[in-house]
Amino acid sequence: MIRNLIGKFHLFVAPKLFLHTRNFHRINKTDRREFMMSKFGPPIDRSMKILDRSFFQKDVNLLVASFPDPKFLGQFVKTCKPDILYLPSIKHIVPVNENSKGVLLREDIEDINDYKSKLSPITVEKIKEYNISIQPYVLHLDYKFWKTDDILRAVLPEDLISEIPTGFAQAGHVAHLNLRDEFKPYGSLIGQVILDKNSKVETVVDKVDTIDTKFRTFKMNVLAGKDDLQVEQSESGCRFKFDFSKVYWNSRLNTEHERLINQFKPRDVVGDVFAGVGPFAVPAGKKDVLVLANDLNPESFKYLKENIILNHTDSFVKAFNLDGREFIRNSPRLLLEWSTESKTVERKKLIKRRKMNSDSNEKSSTKDYEVTTVNIPKYFSNYVMNLPDSALTFLDEFVGLYSDPKVESVIREIPDFKLPIINVHCFEKYSPHEEPEPSLEELYKRIHKKIVGLIDHEIPLEKCSFHLVRRVAPTKPMFCVSFELPEEVAFRKK
């Protein structure tokens with residue numbers, strides 16, 4: 001999120017600015033912030049509906065220490081820091097005229113007749129020693145100077161400026177906002193400022209309604225920029241292409257994607273039940289993990305297949321377009337079919353070799369491929385269930401996972417067979433009025449109780465691993481729970 005200018009003043013600049021002043025350091029924090037905004041804040045127009053960049057012009061009256069001999073400039077800056085203007089985005093060394101440069105003095109020093117009373121004794125001494133002249137200086141600020149929230153604070157109604165909506169998620173060139181109802185009438189204005197202030201953003205959109213429960217998508221309103229939601233996103237060393245309006249993608253889950261992917265080992269088999277466009281499956285395939293990736297959304301399935309090919313993981317990742325329950329139920333059979341039909345998969349890795357030409361003493365490059373052959377296992381090491389709104393409700397499909405006689409006969413004969421780890425994402429929302437507020441341990445117990453009920457088998461709480469992914473809202477944490485599927489559950493007869 002973009003930090004506002006006032007915050008920067010207060011956190012980083014104010015201590016230096018006011019440390020050595022005679023009177024100004026006595027001003028409280030609120031008054032300091034107000035002084036900064038009156039001096040350097042943008043002009044205000046709360047009636048603005050369409051962004052007018054030319055409105056944001058401001059002249060700030062300062063004083064400059066002008067050097068007849070520039071060789072003393074560096075020493076002055078080093079010695080007199082407390083009396084020099086240090087603000088983000090403003091250079092304190094400025095040209096005074098064609099022949100000389102100067103140093104801007106602290107912002108509260110603006111009276112040419114009274115400046116010495118606000119300077120430290122050593123600064124006064126250096127001004128005399130270096131034959132410095134103090135002159136008025138006008139600093140011109142325009143729209144480019146102010147940050148996103150500075151501009152929005154100047155144009156939005158006063159009752160809305162306590163929570164300026166400058167934060168956004170980004171996928172490729174698209175910035176995605178989730179504006180509350182009271183901000184929606186100002187959507188175009190907000191979107192245009194965000195577009196202007198973020199060089200990598202070309203389109204700003206806002207969610208129109210709640211997320212579709214079937215495909216995890218939502219309608220979007222383009223607030224600013226080009227009407228193009230076909231994006232390309234880099235994550236986990238892979239490239240992903242998709243239409244942001246037709247599939248589910250959340251860049252804030254990047255860390256969670258990588259956390260789980262790092263737990264998968266080469267030659268493991270992973271069942272990705274709700275794969276989307278492949279943020280788990282494709283990077284896993286790139287590290288020689290075999291993945292059966294599934295998604296019900298036809299658009300997600302389309303882009304999943306494209307991303308598998310785009311990242312050269314088509315040998316290791318197979319895509320399916322099934323309902324999640326159907327995929328879980330049939331996944332052991334689907335894996336056995338893959339293992340029986342192909343037995344092995346190969347990874348070709350391009351290797352560049354350099355060699356010296358003995359006749360010309362010049363180096364030349366040759367290309368070669370290193371081929372890795374991997375036997376396809378007949379059992380899953382992990383399942384990933386990244387559908388936090390409802391993934392828990394699919395857990396009952398793992399009851400009798402290996403109960404099919406044909407599947408069980410094969411599985412039972414594998415000497416190194418292991419039961420799969422189930423990685424299920426979920427929310428555990430609680431009431432903001434709940435007293436006392438539930439601890440993480442209490443939330444773990446609530447989730448554990450649901451899991452035990454759904455698989456109809458007791459698992460010790462300590463056998464479940466809980467990871468707090470993020471808080472979607474203060475009372476809506478998202479977790480990933482990992483546990484080994486009990487043998488009694490996996491082989492239970494249906």
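Predicted model, so just to flag it, every value in this text is computed and none were measured.
Contact annotation: the side chain of Lys200 never approaches that of His173 to less than 4.5 Å [non-hydrogen atoms, C-beta and beyond]. Within the 4.5 Å cutoff, no side-chain heavy atoms of Phe280 are placed close to those of Leu253. Residues Val410 and Leu336 form a side-chain contact, since some pair of their non-hydrogen atoms from C-beta on lies under 4.5 Å apart. Using a 4.5 Å heavy-atom cutoff, the side chains of Phe398 and Tyr383 are in contact. Within the 4.5 Å cutoff, side-chain heavy atoms of Tyr430 are placed close to those of Arg446.
Between the side chains of Ser251 and Trp249, a donor-acceptor pair is found at a separation under 3.5 Å.
Between Arg325 atom CZ and Thr393 atom OG1 the span is 5.5 Å, to the nearest 0.5 Å.
Taking the ring axis of Phe427 as reference, the NZ or CZ atom of Lys476 stays within 45° of it and closer than 6.0 Å to the ring centre. A cation-pi arrangement is not found for Lys418 relative to Phe380, the charged atom failing to lie both closer than 6.0 Å to the ring centre and inside a 45° cone about the ring normal.
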Please determine whether salt bridge (Lys or Arg N to Asp or Glu O under 4.0 Å) holds for the pair Arg333 and Asp404, giving the CA-CA distance in whole Å, both sets of side-chain angles, and the decisive distance to 0.1 Å.
CA-CA 9 Å; Arg333 178 181 56 79; Asp404 182 287; over 6 Å; no
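Ion pairing between a basic and an acidic side chain is recognised when a charged N comes within 4.0 Å of a carboxylate O; Glu428 and Lys450 show such pairing. With respect to Glu487 and Arg412, a salt bridge is recorded, a charged nitrogen being found less than 4.0 Å from a carboxylate O.
Of the listed residues (Leu392, Ile328, Asn423, Asp272), just one forms a side chain to side chain contact (heavy atoms under 4.5 Å, CB included) with Met385, and that residue is Ile328.
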